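Okay, structure first, notes after.
A, B, ... follow the sequence lines: proteins, then strands. Residue 1 opens every chain. Here the structure is a predicted model, which is why all the values come from computation and not from measurement.
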Amino acid sequence: MTRGGAIVAAGVAVAAALVGCLEGIDKPTPPDMTALVARYADPRGTFDASVAGAAVAQGREVVRIAIAIGIARRLRETLNATFDELDAQEQGVTDSSEFGETQQIAALLRGEGTLRIHRICDGHGDALAPNEIRDGTLDLIVNLTHRGLDPVIWGWVASCRYRELGVRVELQEGTGLELGDLRAFVGDNYTIDNFGADSPMLLELDMRGRLGGASLGVRFDIKALPAPRGFEVRVGVDDGDVVLRFTASEELVRVRAGNGDFKCDDRERRCRASNGSVVPF
Amino acid sequence: MSSIKRLGRAVLIGVVASTTSSVALGWHTEDDRVTDGSAYTEPERTLRVGLTGTRWGIIDRFTVGTSFLQWGLLQSPNVNAKLGVVRWDPLSVSLGTGVSYVDTDWLLWFDVGDDAHARVLVVPARLYTSVRISKRWSWHSGLEQTFVKVYGRYDPSEVQGALVTSNMRAVGTLEWRPYRFMAVLLLARYMIFQTVGGTVGFDVPVDDRTSVAGTATATTGAFDFPHAFAVVPSVHLSWKRLNLRYGVGYGNYMIPGVNFTLPRRGVVPMVDVWWRFDL
């Protein structure tokens with residue numbers, strides 16, 4: 001190759017290296033919720049009269065705490081508000097496009113990425129200006145892929161104070177450190193466009209808290225369900241797990257277990273399996 | 001007389017003078033041929049000064065150039081080079097590249113607003129092959145790839161990021177020289193691909209208590225408009241110094257410089273004028 005050819009070739013190579021590729025995104029690694037998801041999907045424990053009473057009581061207590069602290073609703077509201085704002089920002093950028101086809105530009109902003117949501121909690125007072133030190137914070141991480149939201153959203157609380165149903169709530173740091181104080185499995189089917197009130201979330205919480213004036217352990221997992229609104233709670237029994245389904249008014253309606261699928265009547269305090277066997281609780 | 005009229009008169013006088021000061025001998029010879037979209041380089045020790053670019057034939061087969069129009073209009077430093085790597089008559093092959101840079105902070109004639117800032121880096125890579133079929137007929141073909149990287153910031157929402165687009169097109173030109181001073185050219189170009197990728201970083205408020213910071217990257221083929229093409233017949237007139245090429249065709253519009261093809265089709269004009277001097 002001539003000297004001039006070498007110069008041209010080197011120029012092309014350097015230029016291509018300069019502009020040929022995008023910088024990668026360094027996404028934080030989410031906590032692994034695979035095992036917990038599997039335990040909800042396929043509970044192996046035996047639901048019988050020997051465990052039913054304690055299991056239902058334990059499950060109901062978890063649902064009561066979850067409703068009292070409103071964690072699923074608040075998490076969903078924070079995510080929805082953030083995603084709505086991102087949609088609006090994106091629309092604002094793309095509306096000025098000469099192409100007039102905003103969908104094409106919008107596609108640019110979807111792909112590999114990560115979002116860090118920082119929220120100053122509502123505080124115990126009414127209509128006060130946001131104050132991070134007084135009200136505490138909630139921080140969430142949402143990873144994005146070309147398909148949409150990563151299945152796991154996780155985050156931390158720092159003395160997060162708010163009122164739920166008129167009662168003072170404070171959520172404090174847990175022991176999860178890099179795994180997060182709260183972890184939410186939302187599955188593979190959501191994007192920032194379609195995530196909303198109808199999105200089920202499996203929550204794994206590892207926090208301390210205060211409800212009213214009383215200390216509270218917030219270390220449990222629970223699945224918040226959309227229409228009809230309710231919760232599923234995993235309760236450990238001797239030989240595995242059983243999953244109890246409650247309505248939003250804490251009424252037990254169903255139990256899934258290794259020995260069958262039970263429909264429950266909370267007023268009569270008994271569950272009936274498809275084979276006709278009855279388990280009182 | 002207004003300054004615009006004076007400028008127009010000066011240009012007209014210059015064009016007429018340069019045209020008439022030399023006999024219209026015709027300037028398409030076997031050694032001196034169409035250099036746009038072909039494998040041919042500017043002749044050694046010649047300077048081409050024109051609307052779309054100024055080129056200097058440093059040595060035989062090696063040309064460097066720049067666009068003063070780009071410097072003046074966009075305050076954009078730019079340089080390009082073309083090297084003839086093969087000349088086995090009737091076959092010629094050349095390679096070309098260049099680099100252009102635009103910084104919106106440097107713009108004198110355009111205002112992008114105080115809130116926005118962008119820097120654009122453009123690097124083309126070109127391969128041309130020319131075949132002289134006969135004394136009057138030639139065929140030029142080539143592959144042109146253009147890399148464009150845009151770094152930008154849009155301040156109201158603290159959005160910043162980088163955009164990368166890469167496009168490749170095939171070009172072909174059929175040249176017919178009925179006279180020494182005139183060539184008739186039929187240019188066709190076809191987009192092979194056009195990809196766009198982006199990296200965006202932002203820190204935006206959601207409400208008075210919530211903010212979201214993030215980074216995202218994506219590549220899309222949404223701009224890979226299928227069967228984007230253009231066909232432009234043109235006439236190239238050449239005198240000893242003055243060269244004039246003009247034509248009109250039809251096809252997809254394209255943003256010059258970055259060679260970004262647009263989805264709309266319509267009438268595609270072509271105008272270029274340049275003077276060539278021996279050094």
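Highest contact tally toward chain A, considering only B:Ile58, B:Val212, B:Asp207, B:Asp208, is held by B:Val212 [criterion: heavy-atom pairs under 4.5 Å].
A:Asp135 meets the side-chain hydrogen bond (donor to acceptor under 3.5 Å, both in side chains) test with B:Arg209; sequence neighbours excluded.
Remark: B:Arg45 CZ is loosely packed, at most 12 non-hydrogen atoms of other residues, nucleotides or ligands lying under 6.0 Å away. Around atom CG of B:Leu279, more than 12 heavy atoms belonging to other residues, nucleotides or ligands sit under 6.0 Å away. Around CZ of A:Arg163, the count of heavy atoms belonging to other residues, nucleotides or ligands within 6.0 Å exceeds 12.
One distance of note links CG of B:Asp203 with CZ of A:Arg116; it measures 11.5 Å at 0.5 Å rounding.
Annotation for B:Val206 and A:Ala81: closest pair CG1-O, 3.4 Å, computed over non-hydrogen atoms.
Proximity to chain A involves both the backbone and the side chain of B:Ser211, based on heavy atoms less than 4.5 angstrom apart.
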